[in-house]
Number of protein chains: 2
Amino acid sequence: MTGSTSTSDKILRCARSLLIQGGYNGFSYADIAKVVGIRNASIHHHFPSKAELVRTLVARYREEAEAGIAQLERQVSDPAAQLASYVGYWERCIADASAPFCVCALMAGEIPALPAEIVTEVRAHFRSLSAWLTSVLERGARQGSLHFAGTAKAEAESFMACVHGAMLSARAYGDPGTFGLITRPLLERLAPRH
Amino acid sequence: MTGSTSTSDKILRCARSLLIQGGYNGFSYADIAKVVGIRNASIHHHFPSKAELVRTLVARYREEAEAGIAQLERQVSDPAAQLASYVGYWERCIADASAPFCVCALMAGEIPALPAEIVTEVRAHFRSLSAWLTSVLERGARQGSLHFAGTAKAEAESFMACVHGAMLSARAYGDPGTFGLITRPLLERLAPRH
DNA sequence: GATCACCTACTAACTAGTAGATAGACCAAC
DNA sequence: GTTGGTCTATCTACTAGTTAGTAGGTGATC
């Protein structure tokens with residue numbers, strides 16, 4: 001309750017942005033302390049261990065993601081527009097470098113080296129994102145606005161993989177535009193504009 | 001030249017498999033030394049720094065990848081079959097857990113935290129893989145065996161992203177089968193067997 | 001006898017995490 | 001309204017272990 005953003009909030013936000021840069025083993029308590037302006041040990045007061053800090057961070061990330069999707073469901077009703085809006089959100093995040101990678105997609109690659117409680121959290125994000133995409137695709141198919149060959153579930157997994165792969169490619173090429181280059185045809189294929 | 005596999009070979013192979021597990025910051029000289037059966041310091045005799053070790057490792061990985069693709073070009077001529085063979089290779093690697101992730105795809109996520117010389121190497125792999133896929137798709141389109149909407153280049157980038165994303169999803173779900181589940185419809189869409 | 005591959009022994013910096021002190025805020029009892 | 005107790009957030013100072021990397025020595029091989 002210390003003003004608008006508490007110290008633990010600052011720690012979480014800072015840790016998230018460091019995590020997005022280089023993964024779980026790519027940052028340390030010292031890095032966080034330097035940015036937030038407290039001492040190394042003070043972080044332990046808020047989060048007893050690094051695993052717990054990152055678990056909390058991912059849990060909060062998932063909450064925000066679910067809230068964002070709930071808002072999207074309220075504001076946009078057309079399934080094709082919902083997919084476009086989801087992709088557009090990431091396109092903007094990558095373009096302005098504010099959060100140029102999905103926390104969970106990044107950590108999915110490091111899973112064999114991650115504490116179990118974090119793996120659970122990452123897996124849950126994949127499941128819930130896939131479930132939402134499946135529901136959007138199902139609705140779109142029923143309405144006749146979205147077109148694909150197999151099941152909605154399979155198409156959802158493919159869609160999610162393509163978006164995550166596009167993040168990887170954008171990073172590999174060092175070019176934010178690559179993300180849109182890959183995802184735009186993906187949307188076009190599902191909802192052809194004539 | 002010490003017998004069939006030299007120590008530096010062993011170090012490279014070991015480092016690769018450790019890298020595939022948890023990324024650049026997910027392993028140390030000590031980890032390699034323990035597996036290979038030499039002392040920590042001996043690794044420096046072969047590779048002066050970690051950055052140099054990993055740079056060499058990626059360069060060799062790229063050589064092997066290019067050799068594999070050259071062999072594929074020799075053995076299989078049909079473009080659709082070439083794509084299927086490429087995906088099949090990864091499906092087997094992931095299923096038997098021998099090398100369940102592309103070294104460059106994994107490190108692409110960590111790029112902001114990677115030494116510059118490694119980033120160059122990773123980027124080069126993305127470019128050469130994309131170039132090969134583009135040539136296969138172009139040939140397939142010319143022959144009429146592969147079908148897609150936009151340019152071959154755009155479709156190649158999308159294909160590559162989807163494959164990399166499928167690796168990520170397989171890891172996230174802890175289920176190797178996920179890779180095939182995502183990539184099979186991808187091949188089916190490009191070359192429908194109706 | 002030079003070179004190679006390895007060794008022991010070491011360093012400086014960094015890792016997450018702990019112990020215990022301090023300073024301020026809140027809240028009661030007197 | 002002052003006193004005393006508790007809670008919270010931070011600090012300094014520390015530990016044990018790990019990190020990449022270095023210096024210099026040894027024994028075998030060409």
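Keep in mind the model is a prediction, meaning the values are calculated, not measured. Here is the naming used below: chain letters follow the sequence lines, and residue numbers restart at 1 for every chain.
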Can you list the residues that meet the side-chain hydrogen bond (donor to acceptor under 3.5 Å, both in side chains) rule with [X], with sequence neighbours excluded?
{"X": "A:Glu64", "answer": "A:Arg16"}
{"X": "B:Asp175", "answer": "B:Thr178"}
{"X": "A:Arg139", "answer": "A:Gln82"}
{"X": "A:Thr120", "answer": "none"}

Does any pair with a residue in residues 19-28 of chain A pass side chain to side chain donor-acceptor pair (under 3.5 Å), and if so which ones, sequence neighbours excluded?
A:Ser28-A:Asp31
Sequence neighbours excluded - side chain to side chain donor-acceptor pair (under 3.5 Å) pairs with any residue from residues 90-115 of chain A
A:Glu91-A:Arg184, A:Asp96-A:Ser98
Between side-chain atoms of residues 128-135 of chain A and protein atoms elsewhere (two or more places apart, or another chain), which donor-acceptor pairs fall under 3.5 Å?
from, atom 1, to, atom 2, distance (Å)
A:Ser128, OG, A:Glu66, OE2, 3.3
A:Ser130, OG, A:Lys153, NZ, 3.0
A:Ser130, OG, A:Glu157, OE2, 2.9
A:Trp132, NE1, A:Glu73, OE2, 2.6
A:Thr134, OG1, A:Ser130, O, 2.7
A:Ser135, OG, A:Trp132, O, 2.7

Whole-Å gap separating [atom2] ([N]) and [atom1] ([X]):
{"X": "A:Arg39", "N": "D:dC14", "atom1": "CZ", "atom2": "C1'", "answer": "14 Å"}
{"X": "A:Lys10", "N": "D:dT10", "atom1": "NZ", "atom2": "C1'", "answer": "13 Å"}
{"X": "B:Ile32", "N": "D:dT19", "atom1": "CD1", "atom2": "C1'", "answer": "12 Å"}
{"X": "B:Glu52", "N": "D:dA20", "atom1": "CD", "atom2": "P", "answer": "15 Å"}
{"X": "B:Ile43", "N": "C:dA5", "atom1": "CD1", "atom2": "P", "answer": "15 Å"}

Between B:His45 and C:dC6, is there a side-chain N or O to OP1/OP2 distance below 4.0 Å?
no
Any side-chain N or O of A:Ser28 under 4.0 Å from OP1/OP2 of C:dT15?
yes
Suppose the criterion is ring pair (Phe, Tyr, Trp, His ring centres under 6.0 Å): which pairs have a residue in residues 38-82 of chain B, not counting sequence neighbours?
B:Tyr29-B:His44, B:Tyr61-B:His125
Mark up nucleotides 21-26 of chain D, 5' to 3', with B wherever a protein heavy atom is under 4.0 angstrom from a base atom, S wherever such an atom reaches only the sugar-phosphate, and - elsewhere.
BB----
Tell me what B:Ser42 touches on the nucleic acid: a base, only sugar-phosphate, or nothing, going by heavy atoms under 4.0 Å.
base
Short of 4.0 Å, heavy atom to strand atom, which residues of residues 106-119 of chain B count as contacting DNA chain C?
none
Determine whether a donor-acceptor pair (N or O, by modelled atom type, separation under 3.5 Å) exists between the side chain of B:Ser169 and the backbone of B:Gly165.
yes
Between the side chain of A:Arg123 and the main-chain N/O of B:Ala172, is any donor-acceptor distance below 3.5 Å?
yes
Using the salt bridge (charged side-chain N to carboxylate O under 4.0 Å, His left out) criterion, which residues pair with B:Glu52? Sequence neighbours excluded.
B:Arg55
With 3.5 Å as the limit, what N/O pairs link the protein to nucleotides 21-24 of chain C?
none

